[in-house]
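Encoded as structure tokens, the structure appears first; notes follow it.
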2 protein chains.
Amino acid sequence: MRTQRGASLTYGLLETLGQSIVIGDFDKNGFPTEAELCIRFGASRTVAREAVKMLTAKGLLSARPRQGTKVEPIAHWNLLDPDVTRWLMERQYSNKIYREFTEVRLAIEPVAAALAAQRANKAEIRAIRDGLNGMRNELHDHDAALAADIDFHVAILKASGNPFFLQLRALINTALRISIGLTNKIAGHTASIPAHEAVLVAIENGDAVGAEKAMRAILLESLELLASFQPETAH
Amino acid sequence: MRTQRGASLTYGLLETLGQSIVIGDFDKNGFPTEAELCIRFGASRTVAREAVKMLTAKGLLSARPRQGTKVEPIAHWNLLDPDVTRWLMERQYSNKIYREFTEVRLAIEPVAAALAAQRANKAEIRAIRDGLNGMRNELHDHDAALAADIDFHVAILKASGNPFFLQLRALINTALRISIGLTNKIAGHTASIPAHEAVLVAIENGDAVGAEKAMRAILLESLELLASFQPETAH
DNA sequence: TACATAAATTTGTAAGATAAAATAGCTCGT
DNA sequence: ACGAGCTATTTTATCTTACAAATTTATGTA
């Protein structure tokens, strides 16, 4: 999931701080000063500063001399940054964030499917079909089925030919993990296979409108299924 | 435009390197080593390292001992990062990137408008209307009209209630600047005002479907107008 | 009080030294 | 010639110390 990038001290602190910020650990007392960071996390100033700089680059922090380092309001966070998305997932689940994720998917994925129907080449279609077949073949293995499901959706983003759409793979990854984790307990995963197949067929036929509708149907159903079974939890 | 954050040496180098990477300056000879960076840009190692770390956080670079620092393939860049978006804009214009930007807008903004129609409160609707009125009142001043146009679209993203949509404001900002710069030379800016008004009216009436269609019409027209007048330039 | 000045706090920058990782090259035994 | 293992080299990673700059707070003086 996470890019290779070694488990260095800096990246370790980046993870720790990123998760803590997203959870809201610093909302009460404010973000620690450099010196405090070094003490509380046993880090050198170099490591502390570079981790803070990376979090600044992701919009989570801002720092100024004398004034200190502070957590930016969530409106300033780069929410589509893969790390930020993952940190959001790793904190306690909430229906709100799941709904927001799905609204984004509901905007992007149908359009991506429509573009894929117009542009996908054979290799890209094969990748999409491989994802679908993976879902079919792994009915008992939840993890494998989830991976195949993700592959299916990411393959469509790729086939859209628009690199910006592909930026949402981390978000889709996250949303699907949440979704599968819950829907598995309800109706199982197999129900959505025909819906996925409809998307593939439309793309194969170059049917942009059909692909768009079929993809929208998948997401709407997922959203409704979840809303009906899961009580809204505060967060 | 750019967040306040001082014109420190680190941020200056971040800008310089970010632009250079996006332009492709390091594609031939590879990215400089830390020591070379310090020499070529007159920076201390501290500054060089922190700038590189921020670019790493945005997905543009990766660094490993002995192997050096290298530019990641564009598929790895955080394209929706506001800085990256801006750097993409600041390099030479190309129809390709404009089309890609508009495809993203075509996915997000109609859905945002539909959600706004369902959820917008009075203050949010007023912000949208202020944008429209700004467009009306600044027919002669291109810069002011552009700012008002941006305000209109961003106000709708806000009114959608989904913070993830708002992440695209930098991209919309960029796309509109490109668009206006070109369409002004053609048909002027005023032609789109009725189309914008249609979006506002639909949102005021709580007409989600109408808002979605009206917004899609704006973007499609902008895309077609541009495609018909601007030859495809390589990049 | 008002204004200027000094002090204190926190991040920003610089520089030097050492550690760690990863590659390249070399030695040696077979 | 060949491969295992050791050595050297390159480059980033980390640590430390020192000083500069920015900004707020405190102080002192007219």
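Every heavy atom of this structure was used, including side-chain atoms; hydrogens, water molecules and symmetry mates were not.
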(message) Side chains of A/His196 and A/Asp149: any donor to acceptor distance under 3.5 Å?
(response)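 A pair is found: one side chain offers a donor N or O, the other an acceptor, under 3.5 Å apart.
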Just N and O in the side chain of [X]: are any of them under 4.0 Å from OP1 or OP2 of [N]?
| X | N | result |
| --- | --- | --- |
| A/Lys53 | C/dG12 | yes |
| B/Thr46 | C/dT13 | no |
| A/Thr69 | C/dT10 | no |
| A/Thr10 | D/dA13 | no |

Tell me: [atom1] of [X] to [atom2] of [N], nearest whole Å?
| X | N | atom1 | atom2 | value |
| --- | --- | --- | --- | --- |
| B/Leu61 | D/dT11 | CG | C1' | 15 Å |
| A/Leu37 | D/dC15 | CG | P | 14 Å |
| A/Leu14 | D/dA13 | CG | P | 13 Å |
| B/Glu50 | C/dA14 | CD | P | 11 Å |
| A/Glu34 | D/dA20 | CD | C1' | 14 Å |
| A/Leu13 | D/dT14 | CG | C1' | 13 Å |
| B/Phe31 | D/dT10 | CZ | C1' | 18 Å |
| B/Arg64 | D/dT9 | CZ | P | 23 Å |

(request) Can you check whether any acceptor in the base of C/dA20 is under 3.5 Å from a donor in the side chain of B/Arg66, or vice versa? (result) no
(request) Answer with yes or no whether B/Arg45 presents, from its side chain, a donor or acceptor under 3.5 Å of a partner atom in the base of D/dA13. (result)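 Side chain to base: pair found, below 3.5 Å.
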(request) Look at all strands and tell whether B/Lys70 reaches a base, only sugar-phosphate, or nothing, counting heavy atoms closer than 4.0 Å. (result) nothing
(request) Quick one: label B/Thr33 by what it contacts on the DNA or RNA (base, sugar-phosphate, nothing), any heavy atom closer than 4.0 Å. (result)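 Sugar-phosphate contact only - B/Thr33 comes under 4.0 Å of backbone atoms but never of a base.
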(message) I'd like to know if the side chain of A/Glu50 and the backbone of A/Thr10 have a donor-acceptor N/O pair within less than 3.5 Å.
(response) no
(message) Need to verify one output field. Residue with the more 5' nearest nucleotide on DNA chain C, A/Gly68 or B/Gly42?
(response) A/Gly68
(request) Determine, for A/Arg119 against B/Glu103, whether the closest basic-nitrogen to carboxylate-oxygen distance falls under 4.0 angstrom. (result) yes
(request) Assign each of A/Pro65 and A/Leu9 to its nearest nucleotide of DNA chain D by heavy atoms, then name whichever residue's nucleotide is nearer the 5' end. (result)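 The 5'-side residue here is A/Leu9.
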(request) Report the distance from atom CG of B/Leu219 to atom CD1 of B/Ile108, rounding to the nearest 0.5 Å. (result) 11.5 Å
(request) Can you spot which of B/Asn162, B/Leu166, B/Leu168 makes a side-chain contact (heavy atoms from CB on, under 4.5 Å) with B/Phe164? (result)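 By the side-chain contact (heavy atoms from CB on, under 4.5 Å) criterion, B/Phe164 pairs with just one of B/Asn162, B/Leu166, B/Leu168: B/Asn162.
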